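Have a look at the structure below, then the notes.
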Amino acid sequence: MDETAFARLIWDMKYRLKRPDGTPVDNSVEDSWFRIAEALSAVEVGGKRVRQTWSRKFAAALADYRFLPAGRIWAGAGTQRSVTLFNCFVMGQLPDDLNGLFEHLREAALTMQQGGGIGYDFSTIRPRGAPVSGVGADASGPVSFMDVWDSMCATIMSAGTRRGAMMATLRCDHPDIEEFIHAKQQKGRLTNFNMSVTVTDAFMAAVEEDRPWDLVFEGHSYRSLRARDLWDQIMRATYDYAEPGVIFIDRINARNNLSYCETIAATNPCGEQPLPPYGACLLGSINLAALVRDPFTAKARLDEAALEKLVPIVVRMLDNVIDVSRFPLREQEREAKAKRRIGLGVTGLADAFIQCRARYGSPESIDLMKRWFTRIRDQAYLASADIAAEKGSFPLFDQEAFLAGENIRNLPDKVRKVIAKKGIRNALVTSIAPTGTISLVAGNVSSGIEPVFAFCHHRRVLLPNGEAEEHEVVNHAYALFREKFGEETALPDYFVDAQSLAPEDHLKIQAVAQDYIDSSISKTINLPEETSFTAFKDIYSEAYRLGCKGCTTYRPNPVTGAVLSTKPEP
Ligand code: CDP
(Lines give C-alpha, C1' and ligand atoms only; values in the text may rest on other atoms or scores of the structure.)
Protein backbone atom coordinates (compact mmCIF):
# COMPACT_ATOMS: atom_id res chain seq x y z
CA MET A 1 0.00 0.00 0.00
CA ASP A 2 1.51 3.36 -0.94
CA GLU A 3 1.79 6.43 1.23
CA THR A 4 -1.29 8.16 -0.19
CA ALA A 5 -3.48 5.05 -0.03
CA PHE A 6 -2.64 4.64 3.66
CA ALA A 7 -3.39 8.33 4.33
CA ARG A 8 -6.71 7.89 2.57
CA LEU A 9 -7.56 4.83 4.67
CA ILE A 10 -6.99 6.79 7.91
CA TRP A 11 -8.98 9.77 6.60
CA ASP A 12 -11.81 7.46 5.59
CA MET A 13 -11.89 5.72 8.96
CA LYS A 14 -11.43 8.70 11.26
CA TYR A 15 -12.36 11.96 9.62
CA ARG A 16 -14.57 11.40 6.58
CA LEU A 17 -18.11 12.54 7.32
CA LYS A 18 -20.56 9.70 6.77
CA ARG A 19 -24.27 9.25 7.36
CA PRO A 20 -25.29 6.90 10.18
CA ASP A 21 -25.73 4.11 7.58
CA GLY A 22 -22.13 4.56 6.45
CA THR A 23 -22.79 6.43 3.17
CA PRO A 24 -20.07 9.05 2.68
CA VAL A 25 -21.00 12.72 2.78
CA ASP A 26 -17.42 13.88 2.17
CA ASN A 27 -16.48 12.52 -1.26
CA SER A 28 -12.87 13.61 -1.00
CA VAL A 29 -10.41 15.15 1.46
CA GLU A 30 -11.14 18.48 -0.27
CA ASP A 31 -14.77 18.08 0.85
CA SER A 32 -13.57 17.66 4.44
CA TRP A 33 -11.46 20.83 4.15
CA PHE A 34 -14.44 22.70 2.73
CA ARG A 35 -16.69 21.42 5.53
CA ILE A 36 -14.19 22.60 8.18
CA ALA A 37 -13.67 25.98 6.48
CA GLU A 38 -17.43 26.60 6.22
CA ALA A 39 -18.06 25.62 9.83
CA LEU A 40 -15.27 27.81 11.21
CA SER A 41 -16.21 30.85 9.14
CA ALA A 42 -19.82 30.70 10.33
CA VAL A 43 -19.07 32.87 13.39
CA GLU A 44 -17.60 35.75 11.35
CA VAL A 45 -19.86 38.79 11.44
CA GLY A 46 -20.52 41.17 8.55
CA GLY A 47 -22.78 39.16 6.31
CA LYS A 48 -22.60 36.31 3.87
CA ARG A 49 -19.89 37.79 1.70
CA VAL A 50 -17.52 38.26 4.65
CA ARG A 51 -18.14 34.69 5.75
CA GLN A 52 -17.49 33.42 2.23
CA THR A 53 -14.21 35.35 2.06
CA TRP A 54 -13.03 33.78 5.32
CA SER A 55 -14.23 30.36 4.29
CA ARG A 56 -12.15 30.60 1.09
CA LYS A 57 -9.08 31.72 3.05
CA PHE A 58 -9.52 28.92 5.59
CA ALA A 59 -9.94 26.31 2.83
CA ALA A 60 -6.78 27.61 1.12
CA ALA A 61 -4.84 27.23 4.39
CA LEU A 62 -6.02 23.61 4.68
CA ALA A 63 -5.22 22.78 1.04
CA ASP A 64 -2.28 20.46 0.42
CA TYR A 65 -2.23 19.64 4.15
CA ARG A 66 -0.40 22.87 4.96
CA PHE A 67 -2.44 23.42 8.11
CA LEU A 68 -3.74 20.43 10.04
CA PRO A 69 -6.41 21.19 12.61
CA ALA A 70 -6.40 18.55 15.35
CA GLY A 71 -8.44 15.40 14.95
CA ARG A 72 -11.50 16.59 16.87
CA ILE A 73 -11.93 19.48 14.44
CA TRP A 74 -11.59 17.22 11.38
CA ALA A 75 -14.08 14.78 12.85
CA GLY A 76 -16.60 17.20 14.33
CA ALA A 77 -16.66 20.56 12.49
CA GLY A 78 -19.81 21.14 10.45
CA THR A 79 -21.33 17.76 11.34
CA GLN A 80 -24.19 18.66 13.72
CA ARG A 81 -22.92 15.86 15.96
CA SER A 82 -22.98 16.33 19.69
CA VAL A 83 -19.17 16.32 19.95
CA THR A 84 -16.58 18.82 21.07
CA LEU A 85 -13.92 20.30 18.78
CA PHE A 86 -11.49 20.46 21.72
CA ASN A 87 -8.91 17.66 22.02
CA CYS A 88 -7.84 18.49 25.54
CA PHE A 89 -9.39 18.95 28.95
CA VAL A 90 -8.21 19.00 32.51
CA MET A 91 -11.11 18.25 34.82
CA GLY A 92 -12.18 20.10 37.95
CA GLN A 93 -10.18 19.82 41.16
CA LEU A 94 -11.22 16.60 42.86
CA PRO A 95 -12.96 17.06 46.20
CA ASP A 96 -11.86 14.80 49.01
CA ASP A 97 -15.31 13.31 49.65
CA LEU A 98 -17.14 10.38 48.12
CA ASN A 99 -20.19 12.27 46.98
CA GLY A 100 -18.13 14.87 45.18
CA LEU A 101 -15.78 12.28 43.66
CA PHE A 102 -18.58 10.40 41.97
CA GLU A 103 -20.03 13.65 40.66
CA HIS A 104 -16.63 14.20 39.04
CA LEU A 105 -16.70 10.69 37.60
CA ARG A 106 -19.95 11.64 35.87
CA GLU A 107 -18.35 14.81 34.47
CA ALA A 108 -15.41 12.80 33.19
CA ALA A 109 -17.72 10.31 31.48
CA LEU A 110 -19.64 13.10 29.74
CA THR A 111 -16.43 14.73 28.54
CA MET A 112 -14.99 11.49 27.18
CA GLN A 113 -18.27 10.65 25.48
CA GLN A 114 -17.99 13.85 23.46
CA GLY A 115 -14.46 12.91 22.41
CA GLY A 116 -12.25 14.93 24.74
CA GLY A 117 -9.05 13.54 26.24
CA ILE A 118 -8.94 14.36 29.96
CA GLY A 119 -6.33 14.99 32.61
CA TYR A 120 -6.66 14.82 36.38
CA ASP A 121 -4.62 15.69 39.39
CA PHE A 122 -5.34 13.09 42.07
CA SER A 123 -3.24 14.86 44.72
CA THR A 124 -6.26 16.36 46.47
CA ILE A 125 -7.51 12.92 47.58
CA ARG A 126 -6.45 11.87 51.07
CA PRO A 127 -3.92 9.05 51.29
CA ARG A 128 -4.68 5.37 51.73
CA GLY A 129 -5.28 4.53 55.39
CA ALA A 130 -6.18 8.08 56.46
CA PRO A 131 -9.26 8.13 58.70
CA VAL A 132 -12.68 8.86 57.19
CA SER A 133 -14.75 10.55 59.86
CA GLY A 134 -18.11 9.11 60.79
CA VAL A 135 -17.88 5.75 58.99
CA GLY A 136 -15.26 4.00 61.09
CA ALA A 137 -13.22 3.12 58.01
CA ASP A 138 -9.94 4.14 56.45
CA ALA A 139 -9.59 5.94 53.13
CA SER A 140 -8.70 3.87 50.09
CA GLY A 141 -6.43 6.53 48.57
CA PRO A 142 -6.03 8.19 45.15
CA VAL A 143 -4.71 5.16 43.28
CA SER A 144 -7.76 3.03 44.07
CA PHE A 145 -9.99 5.85 42.81
CA MET A 146 -7.97 5.85 39.61
CA ASP A 147 -9.11 2.25 39.08
CA VAL A 148 -12.70 3.51 39.09
CA TRP A 149 -11.85 6.14 36.45
CA ASP A 150 -10.02 3.52 34.41
CA SER A 151 -13.11 1.28 34.27
CA MET A 152 -15.30 4.23 33.34
CA CYS A 153 -12.94 5.09 30.49
CA ALA A 154 -12.95 1.52 29.21
CA THR A 155 -16.75 1.57 29.20
CA ILE A 156 -17.33 4.93 27.59
CA MET A 157 -15.78 4.66 24.17
CA SER A 158 -14.91 8.12 22.99
CA ALA A 159 -16.82 9.49 20.01
CA GLY A 160 -16.21 7.63 16.77
CA THR A 161 -13.51 5.02 16.49
CA ARG A 162 -11.13 6.65 18.91
CA ARG A 163 -10.22 5.16 22.24
CA GLY A 164 -10.29 7.32 25.32
CA ALA A 165 -7.11 8.76 26.78
CA MET A 166 -6.56 10.05 30.31
CA MET A 167 -3.68 11.57 32.26
CA ALA A 168 -3.27 11.23 36.01
CA THR A 169 -0.81 13.32 37.96
CA LEU A 170 0.24 13.01 41.59
CA ARG A 171 2.51 15.40 43.42
CA CYS A 172 5.95 14.19 44.50
CA ASP A 173 5.07 14.97 48.14
CA HIS A 174 1.75 13.08 48.29
CA PRO A 175 1.97 10.23 50.86
CA ASP A 176 0.81 7.68 48.23
CA ILE A 177 3.42 8.67 45.67
CA GLU A 178 5.27 5.35 45.84
CA GLU A 179 2.07 3.37 45.23
CA PHE A 180 1.34 5.70 42.28
CA ILE A 181 4.80 5.18 40.78
CA HIS A 182 4.45 1.39 40.78
CA ALA A 183 0.70 1.07 40.08
CA LYS A 184 0.97 0.36 36.35
CA GLN A 185 3.46 -2.43 36.92
CA GLN A 186 0.54 -4.74 37.63
CA LYS A 187 -0.36 -6.16 34.25
CA GLY A 188 -3.63 -4.81 32.86
CA ARG A 189 -4.02 -2.16 35.55
CA LEU A 190 -4.74 1.50 34.71
CA THR A 191 -4.20 0.88 31.01
CA ASN A 192 -6.30 3.90 30.00
CA PHE A 193 -4.08 6.27 31.95
CA ASN A 194 -0.83 8.00 31.17
CA MET A 195 0.74 8.80 34.51
CA SER A 196 3.10 11.57 35.51
CA VAL A 197 4.62 12.70 38.77
CA THR A 198 4.40 16.45 39.26
CA VAL A 199 7.83 17.34 40.54
CA THR A 200 8.51 20.62 42.35
CA ASP A 201 11.65 22.76 42.33
CA ALA A 202 12.02 22.07 46.08
CA PHE A 203 12.09 18.34 45.34
CA MET A 204 14.70 18.70 42.58
CA ALA A 205 16.84 20.73 45.00
CA ALA A 206 16.41 18.07 47.72
CA VAL A 207 17.56 15.39 45.24
CA GLU A 208 20.54 17.49 44.22
CA GLU A 209 21.54 18.14 47.84
CA ASP A 210 20.66 14.63 49.05
CA ARG A 211 18.18 15.81 51.69
CA PRO A 212 15.24 14.04 53.36
CA TRP A 213 11.84 14.56 51.77
CA ASP A 214 8.54 14.79 53.66
CA LEU A 215 5.35 13.24 52.33
CA VAL A 216 2.49 15.49 53.40
CA PHE A 217 -1.25 15.90 53.05
CA GLU A 218 -3.10 19.03 54.16
CA GLY A 219 -0.16 20.19 56.22
CA HIS A 220 0.18 16.88 58.06
CA SER A 221 3.47 15.04 57.54
CA TYR A 222 2.95 11.27 57.08
CA ARG A 223 6.55 10.15 56.75
CA SER A 224 9.91 11.12 55.38
CA LEU A 225 12.30 9.42 52.97
CA ARG A 226 15.48 10.32 51.15
CA ALA A 227 14.63 12.54 48.16
CA ARG A 228 17.20 10.57 46.14
CA ASP A 229 15.47 7.28 46.97
CA LEU A 230 12.16 8.59 45.71
CA TRP A 231 13.77 10.01 42.56
CA ASP A 232 15.47 6.66 41.96
CA GLN A 233 12.12 4.88 42.31
CA ILE A 234 10.55 7.18 39.73
CA MET A 235 13.52 6.74 37.41
CA ARG A 236 13.70 2.95 37.85
CA ALA A 237 9.97 2.55 37.09
CA THR A 238 10.33 4.73 34.01
CA TYR A 239 13.46 2.88 32.90
CA ASP A 240 11.74 -0.49 33.16
CA TYR A 241 8.12 0.36 32.33
CA ALA A 242 8.29 3.70 30.43
CA GLU A 243 6.07 5.28 33.13
CA PRO A 244 5.51 7.50 35.03
CA GLY A 245 6.53 10.65 33.16
CA VAL A 246 7.87 13.68 34.97
CA ILE A 247 6.33 17.16 34.89
CA PHE A 248 8.22 20.18 36.24
CA ILE A 249 5.13 21.80 37.69
CA ASP A 250 6.68 24.90 39.31
CA ARG A 251 8.25 25.88 36.01
CA ILE A 252 4.91 25.42 34.27
CA ASN A 253 3.21 27.78 36.73
CA ALA A 254 6.06 30.30 36.79
CA ARG A 255 6.04 30.61 32.99
CA ASN A 256 2.29 30.48 32.47
CA ASN A 257 0.98 33.60 30.68
CA LEU A 258 -1.97 33.37 33.06
CA SER A 259 0.00 32.87 36.29
CA TYR A 260 -1.77 35.99 37.59
CA CYS A 261 -5.17 34.29 37.58
CA GLU A 262 -4.82 30.49 37.65
CA THR A 263 -2.82 27.61 39.14
CA ILE A 264 -2.04 24.49 37.15
CA ALA A 265 -1.74 21.00 38.68
CA ALA A 266 -2.23 18.68 35.68
CA THR A 267 -1.95 18.31 31.93
CA ASN A 268 -3.99 16.75 29.12
CA PRO A 269 -3.19 13.10 28.23
CA CYS A 270 -0.11 13.69 26.08
CA GLY A 271 1.31 16.55 28.14
CA GLU A 272 1.38 19.42 25.65
CA GLN A 273 -1.39 21.29 27.45
CA PRO A 274 -0.92 22.09 31.15
CA LEU A 275 -4.37 23.36 32.12
CA PRO A 276 -6.15 24.70 35.21
CA PRO A 277 -9.27 22.99 36.62
CA TYR A 278 -11.91 22.78 33.83
CA GLY A 279 -9.36 24.18 31.38
CA ALA A 280 -9.80 23.28 27.73
CA CYS A 281 -7.65 23.69 24.66
CA LEU A 282 -7.93 23.07 20.98
CA LEU A 283 -4.99 22.28 18.78
CA GLY A 284 -3.79 22.76 15.22
CA SER A 285 -0.45 22.24 13.51
CA ILE A 286 1.35 23.82 10.60
CA ASN A 287 2.85 21.12 8.42
CA LEU A 288 6.37 22.44 7.86
CA ALA A 289 7.17 19.64 5.41
CA ALA A 290 4.57 21.05 3.02
CA LEU A 291 6.29 24.45 2.95
CA VAL A 292 9.75 23.34 1.78
CA ARG A 293 10.69 24.41 -1.75
CA ASP A 294 13.31 22.66 -3.94
CA PRO A 295 13.77 19.78 -1.48
CA PHE A 296 17.14 17.97 -1.35
CA THR A 297 18.84 20.55 -3.58
CA ALA A 298 21.36 23.25 -2.72
CA LYS A 299 18.47 25.75 -3.00
CA ALA A 300 16.23 23.83 -0.57
CA ARG A 301 14.49 26.18 1.87
CA LEU A 302 11.31 26.64 3.82
CA ASP A 303 9.09 29.27 2.22
CA GLU A 304 9.11 31.71 5.13
CA ALA A 305 6.92 34.24 3.35
CA ALA A 306 4.25 31.56 2.88
CA LEU A 307 4.65 30.59 6.56
CA GLU A 308 4.16 34.18 7.71
CA LYS A 309 1.03 34.49 5.58
CA LEU A 310 -0.38 31.23 6.80
CA VAL A 311 -0.04 31.89 10.55
CA PRO A 312 -2.59 34.75 10.95
CA ILE A 313 -5.24 32.81 9.03
CA VAL A 314 -4.86 29.68 11.10
CA VAL A 315 -4.81 31.66 14.38
CA ARG A 316 -8.16 33.10 13.36
CA MET A 317 -9.49 29.66 12.46
CA LEU A 318 -8.49 28.26 15.84
CA ASP A 319 -9.92 31.27 17.66
CA ASN A 320 -13.23 30.70 15.87
CA VAL A 321 -13.31 27.08 17.06
CA ILE A 322 -13.94 28.38 20.60
CA ASP A 323 -17.21 29.96 19.46
CA VAL A 324 -18.29 27.09 17.21
CA SER A 325 -17.55 24.13 19.48
CA ARG A 326 -19.89 22.38 21.86
CA PHE A 327 -18.64 21.86 25.40
CA PRO A 328 -19.41 18.79 27.49
CA LEU A 329 -19.74 20.95 30.66
CA ARG A 330 -20.74 24.56 31.37
CA GLU A 331 -17.61 25.08 33.49
CA GLN A 332 -15.42 24.09 30.53
CA GLU A 333 -17.19 26.55 28.27
CA ARG A 334 -16.82 29.32 30.84
CA GLU A 335 -13.09 28.60 31.22
CA ALA A 336 -12.44 28.35 27.48
CA LYS A 337 -14.30 31.58 26.72
CA ALA A 338 -12.69 33.54 29.58
CA LYS A 339 -9.14 32.70 28.42
CA ARG A 340 -9.47 31.65 24.78
CA ARG A 341 -6.41 29.38 24.81
CA ILE A 342 -5.38 28.00 21.47
CA GLY A 343 -2.55 25.57 20.79
CA LEU A 344 -0.93 26.36 17.45
CA GLY A 345 2.01 24.09 16.74
CA VAL A 346 3.90 22.40 13.98
CA THR A 347 4.23 18.96 12.54
CA GLY A 348 6.67 17.53 10.00
CA LEU A 349 9.63 19.37 11.54
CA ALA A 350 11.98 16.41 11.02
CA ASP A 351 10.79 15.97 7.42
CA ALA A 352 11.39 19.67 6.79
CA PHE A 353 14.94 19.27 8.16
CA ILE A 354 15.58 16.31 5.85
CA GLN A 355 14.17 18.14 2.85
CA CYS A 356 16.49 21.08 3.72
CA ARG A 357 19.40 18.63 4.09
CA ALA A 358 19.92 19.31 7.80
CA ARG A 359 20.46 16.46 10.25
CA TYR A 360 18.01 16.47 13.18
CA GLY A 361 19.79 17.93 16.24
CA SER A 362 22.76 19.36 14.25
CA PRO A 363 23.71 23.06 14.62
CA GLU A 364 22.21 23.71 11.15
CA SER A 365 18.91 22.17 12.18
CA ILE A 366 18.85 24.23 15.38
CA ASP A 367 19.46 27.43 13.39
CA LEU A 368 16.66 26.58 10.96
CA MET A 369 14.32 25.74 13.80
CA LYS A 370 15.03 29.03 15.58
CA ARG A 371 14.25 30.98 12.38
CA TRP A 372 11.01 29.09 11.72
CA PHE A 373 9.81 29.11 15.33
CA THR A 374 10.56 32.83 15.75
CA ARG A 375 8.36 33.55 12.75
CA ILE A 376 5.55 31.32 13.95
CA ARG A 377 5.61 32.72 17.50
CA ASP A 378 5.81 36.39 16.49
CA GLN A 379 3.21 36.14 13.74
CA ALA A 380 0.88 34.18 15.99
CA TYR A 381 1.05 36.76 18.80
CA LEU A 382 0.66 39.62 16.31
CA ALA A 383 -2.33 37.91 14.72
CA SER A 384 -3.95 37.34 18.10
CA ALA A 385 -3.43 41.04 18.91
CA ASP A 386 -5.02 42.02 15.58
CA ILE A 387 -8.04 39.84 16.29
CA ALA A 388 -8.27 41.46 19.74
CA ALA A 389 -8.45 44.90 18.09
CA GLU A 390 -11.32 43.63 15.96
CA LYS A 391 -13.20 41.30 18.30
CA GLY A 392 -11.89 42.09 21.79
CA SER A 393 -9.22 40.66 24.10
CA PHE A 394 -9.88 37.50 26.12
CA PRO A 395 -12.09 38.55 29.06
CA LEU A 396 -9.48 37.89 31.78
CA PHE A 397 -6.80 39.92 29.97
CA ASP A 398 -5.02 42.21 32.45
CA GLN A 399 -2.59 44.24 30.42
CA GLU A 400 -0.02 44.96 33.12
CA ALA A 401 0.04 41.43 34.53
CA PHE A 402 0.08 39.84 31.07
CA LEU A 403 2.98 41.95 29.79
CA ALA A 404 4.94 41.11 32.96
CA GLY A 405 4.72 37.35 32.25
CA GLU A 406 7.96 35.50 31.51
CA ASN A 407 7.09 34.43 27.95
CA ILE A 408 5.80 37.85 27.06
CA ARG A 409 8.83 39.65 28.48
CA ASN A 410 10.93 37.58 26.09
CA LEU A 411 8.99 38.60 22.97
CA PRO A 412 10.60 41.16 20.64
CA ASP A 413 9.78 44.75 21.55
CA LYS A 414 7.74 45.31 18.42
CA VAL A 415 5.42 42.43 19.34
CA ARG A 416 5.08 43.59 22.96
CA LYS A 417 4.19 47.08 21.77
CA VAL A 418 1.43 45.76 19.55
CA ILE A 419 0.00 43.71 22.46
CA ALA A 420 0.21 46.78 24.73
CA LYS A 421 -1.76 48.75 22.16
CA LYS A 422 -4.31 46.24 20.91
CA GLY A 423 -4.57 43.67 23.73
CA ILE A 424 -4.60 39.99 22.86
CA ARG A 425 -7.35 37.59 21.90
CA ASN A 426 -5.81 34.35 23.18
CA ALA A 427 -4.12 33.98 26.57
CA LEU A 428 -1.91 31.15 25.33
CA VAL A 429 -1.20 30.69 21.68
CA THR A 430 1.33 27.93 20.98
CA SER A 431 1.74 24.24 21.84
CA ILE A 432 3.27 21.16 20.18
CA ALA A 433 0.75 18.32 19.90
CA PRO A 434 1.70 14.71 19.22
CA THR A 435 -0.26 14.82 15.89
CA GLY A 436 -0.51 11.03 16.11
CA THR A 437 -3.30 10.67 13.57
CA ILE A 438 -3.35 13.87 11.57
CA SER A 439 0.27 13.46 10.49
CA LEU A 440 -0.68 10.09 8.98
CA VAL A 441 -3.52 11.70 7.05
CA ALA A 442 -1.04 14.28 5.71
CA GLY A 443 1.00 11.52 4.03
CA ASN A 444 2.87 10.23 7.09
CA VAL A 445 4.99 13.26 7.84
CA SER A 446 7.04 13.06 11.04
CA SER A 447 4.90 13.84 14.10
CA GLY A 448 5.14 17.21 15.84
CA ILE A 449 8.81 17.93 16.54
CA GLU A 450 9.71 14.24 16.77
CA PRO A 451 12.36 12.76 14.53
CA VAL A 452 11.11 10.39 11.84
CA PHE A 453 10.21 7.26 13.78
CA ALA A 454 11.39 4.98 10.98
CA PHE A 455 11.54 5.47 7.23
CA CYS A 456 9.48 2.32 6.70
CA HIS A 457 7.67 0.55 9.47
CA HIS A 458 4.64 -1.53 10.20
CA ARG A 459 1.55 -0.30 11.97
CA ARG A 460 -1.42 -2.17 13.20
CA VAL A 461 -4.59 -0.34 12.30
CA LEU A 462 -7.76 -1.10 14.20
CA LEU A 463 -10.64 -1.24 11.71
CA PRO A 464 -14.18 -0.15 12.65
CA ASN A 465 -15.23 -3.83 12.74
CA GLY A 466 -12.72 -4.40 15.54
CA GLU A 467 -10.23 -6.35 13.42
CA ALA A 468 -6.58 -5.29 13.30
CA GLU A 469 -4.82 -4.93 9.96
CA GLU A 470 -1.08 -4.57 9.51
CA HIS A 471 0.20 -1.92 7.08
CA GLU A 472 3.59 -0.90 5.87
CA VAL A 473 3.94 2.84 6.35
CA VAL A 474 6.51 4.91 4.46
CA ASN A 475 7.73 8.29 5.70
CA HIS A 476 6.88 11.32 3.54
CA ALA A 477 10.42 12.73 3.07
CA TYR A 478 11.78 9.27 2.35
CA ALA A 479 9.10 8.61 -0.28
CA LEU A 480 9.83 11.99 -1.88
CA PHE A 481 13.55 11.23 -2.00
CA ARG A 482 12.98 7.81 -3.56
CA GLU A 483 10.62 9.31 -6.11
CA LYS A 484 13.27 11.84 -7.16
CA PHE A 485 16.42 9.74 -7.02
CA GLY A 486 15.24 6.14 -7.36
CA GLU A 487 15.53 3.13 -5.09
CA GLU A 488 19.24 2.60 -5.62
CA THR A 489 20.56 5.96 -4.40
CA ALA A 490 22.24 5.76 -0.99
CA LEU A 491 20.53 7.79 1.73
CA PRO A 492 22.52 10.89 2.73
CA ASP A 493 23.49 11.13 6.39
CA TYR A 494 20.80 13.69 7.17
CA PHE A 495 18.30 10.82 6.96
CA VAL A 496 18.31 9.91 10.65
CA ASP A 497 15.52 8.16 12.51
CA ALA A 498 14.46 8.11 16.16
CA GLN A 499 16.38 4.93 16.97
CA SER A 500 19.73 6.14 15.66
CA LEU A 501 19.76 9.58 17.28
CA ALA A 502 21.58 10.32 20.51
CA PRO A 503 19.31 11.33 23.43
CA GLU A 504 21.05 14.74 23.47
CA ASP A 505 19.76 15.44 19.95
CA HIS A 506 16.19 14.81 21.09
CA LEU A 507 16.69 16.96 24.18
CA LYS A 508 18.27 19.87 22.31
CA ILE A 509 15.33 20.06 19.94
CA GLN A 510 12.79 19.87 22.80
CA ALA A 511 14.57 22.54 24.85
CA VAL A 512 15.00 24.95 21.91
CA ALA A 513 11.35 24.47 20.90
CA GLN A 514 10.23 25.18 24.48
CA ASP A 515 11.88 28.61 24.32
CA TYR A 516 9.37 29.59 21.63
CA ILE A 517 6.27 27.75 22.84
CA ASP A 518 4.12 29.28 25.59
CA SER A 519 2.27 26.10 26.52
CA SER A 520 4.09 22.77 26.47
CA ILE A 521 5.35 20.10 24.11
CA SER A 522 4.49 16.49 23.53
CA LYS A 523 7.85 14.76 23.02
CA THR A 524 9.15 11.28 23.66
CA ILE A 525 12.86 10.69 23.82
CA ASN A 526 13.49 7.30 22.27
CA LEU A 527 16.41 5.49 23.83
CA PRO A 528 18.24 2.33 22.91
CA GLU A 529 17.51 -0.61 25.19
CA GLU A 530 21.16 -0.78 26.29
CA THR A 531 21.14 2.79 27.75
CA SER A 532 22.58 2.53 31.27
CA PHE A 533 20.45 3.54 34.27
CA THR A 534 22.91 6.32 35.13
CA ALA A 535 22.84 7.75 31.60
CA PHE A 536 19.06 7.48 31.70
CA LYS A 537 18.80 9.50 34.91
CA ASP A 538 21.15 12.13 33.48
CA ILE A 539 18.67 12.79 30.66
CA TYR A 540 16.06 13.89 33.20
CA SER A 541 18.48 16.13 35.11
CA GLU A 542 19.54 17.64 31.81
CA ALA A 543 15.91 18.19 30.72
CA TYR A 544 15.34 20.06 33.99
CA ARG A 545 18.54 22.07 33.57
CA LEU A 546 17.73 23.00 29.95
CA GLY A 547 14.35 24.49 30.88
CA CYS A 548 12.01 21.75 29.61
CA LYS A 549 8.57 21.60 31.24
CA GLY A 550 8.58 17.82 31.45
CA CYS A 551 10.38 14.75 30.24
CA THR A 552 9.06 11.56 28.68
CA THR A 553 11.29 8.75 27.47
CA TYR A 554 10.79 5.41 25.85
CA ARG A 555 13.26 2.57 26.10
CA PRO A 556 12.12 -0.70 24.52
CA ASN A 557 12.21 -3.42 27.12
CA PRO A 558 10.92 -6.93 27.67
CA VAL A 559 7.99 -5.70 29.80
CA THR A 560 6.36 -3.08 27.58
CA GLY A 561 7.93 -4.06 24.23
CA ALA A 562 8.16 -1.59 21.36
CA VAL A 563 5.21 0.74 20.70
CA LEU A 564 5.55 0.68 16.94
CA SER A 565 7.43 -2.12 15.28
CA THR A 566 9.94 -1.41 12.54
CA LYS A 567 9.74 -5.03 11.44
CA PRO A 568 6.62 -7.06 10.72
CA GLU A 569 5.65 -9.08 13.74
CA PRO A 570 6.22 -12.83 13.29
O1 CDP B 1 -3.69 13.56 15.65
P2 CDP B 1 -4.79 14.10 16.53
O3 CDP B 1 -5.12 15.52 16.21
O4 CDP B 1 -6.03 13.24 16.53
O5 CDP B 1 -4.33 14.08 18.06
P6 CDP B 1 -2.89 14.14 18.74
O7 CDP B 1 -2.15 15.36 18.31
O8 CDP B 1 -2.18 12.83 18.56
O9 CDP B 1 -3.26 14.29 20.26
C10 CDP B 1 -3.62 15.55 20.79
C11 CDP B 1 -4.36 15.36 22.08
O12 CDP B 1 -5.60 14.74 21.82
C13 CDP B 1 -3.69 14.46 23.09
O14 CDP B 1 -2.73 15.10 23.85
C15 CDP B 1 -4.88 14.06 23.93
O16 CDP B 1 -5.20 15.08 24.83
C17 CDP B 1 -5.98 13.93 22.91
N18 CDP B 1 -6.17 12.53 22.45
C19 CDP B 1 -7.08 11.74 23.10
O20 CDP B 1 -7.72 12.18 24.03
N21 CDP B 1 -7.29 10.42 22.72
C22 CDP B 1 -6.59 9.88 21.71
N23 CDP B 1 -6.82 8.60 21.37
C24 CDP B 1 -5.65 10.67 21.02
C25 CDP B 1 -5.46 12.01 21.41
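These numbers come from a predicted model, not from an experiment. Each ligand, and each atom within it, is numbered from 1 in the order the structure gives.
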message = Measuring from non-hydrogen atoms of Phe86 to any atom of ligand 1, is the shortest distance under 4.0 Å?
response =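 False for this residue.
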Against heavy atoms of [X], which atoms of ligand 1 measure under 4.0 Å?
X      : answer
Ala433 : 7 (O)
Gly71  : 2 (P), 3 (O), 4 (O)
Asn268 : 13 (C), 14 (O), 16 (O)
Tyr15  : 4 (O)
Cys270 : 13 (C), 14 (O)
Ala165 : 19 (C), 20 (O), 21 (N)
Gly117 : 20 (O)
Gly436 : 1 (O), 6 (P), 7 (O), 8 (O)

Is there side-chain contact between [X] and [Y], with at least one heavy-atom pair below 4.5 Å?
X      : Y      : answer
Val90  : Pro276 : no
Ile509 : Phe353 : yes
Leu507 : Ile525 : yes

Nitrogen or oxygen of Ala70 less than 3.5 angstrom from that of ligand 1 =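 No; every N/O pair is 3.5 Å or more apart.
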ask   = Is there a nitrogen or oxygen of Ile438 sitting under 3.5 Å from a nitrogen or oxygen of ligand 1?
value =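 In this structure, Ile438 places an N or O atom under 3.5 Å from an N or O of ligand 1.
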Is the closest basic N to carboxylate O distance between [X] and [Y] below 4.0 Å?
X      : Y      : value
Asp319 : Arg425 : yes
Arg341 : Glu262 : yes
Lys508 : Asp505 : yes

inquiry  = Tell me the nearest of Arg72, Lys14, Met167, Glu272 to atom 14 (O) of ligand 1, using heavy-atom distances.
reply    =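 Considering heavy atoms of Arg72, Lys14, Met167, Glu272, the nearest to atom 14 (O) of ligand 1 sits in Glu272.
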task = Look at the aromatic rings of Phe6 and His471 and report parallel, tilted or perpendicular, splitting at 30° and 60°.
result =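 Because their plane-to-plane angle lies in the 30° to 60° range, the rings of Phe6 and His471 count as tilted.
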ask   = Should the pair Phe193 and Phe122 be assigned to parallel (<30°), tilted (30 to 60°) or perpendicular (>60°) ring geometry?
value =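 Phe193 vs Phe122 ring planes: perpendicular.
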request  = Would you mind telling me if ligand 1 is within reach of the side chain of Ile118, the backbone, both or neither, using heavy atoms under 4.0 Å?
outcome  =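 The answer is neither.
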inquiry  = Before we go on, tell me: are the rings of Phe58 and Trp33 under 6.0 Å apart, centre to centre?
reply    =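 Not under 6.0 Å, so no.
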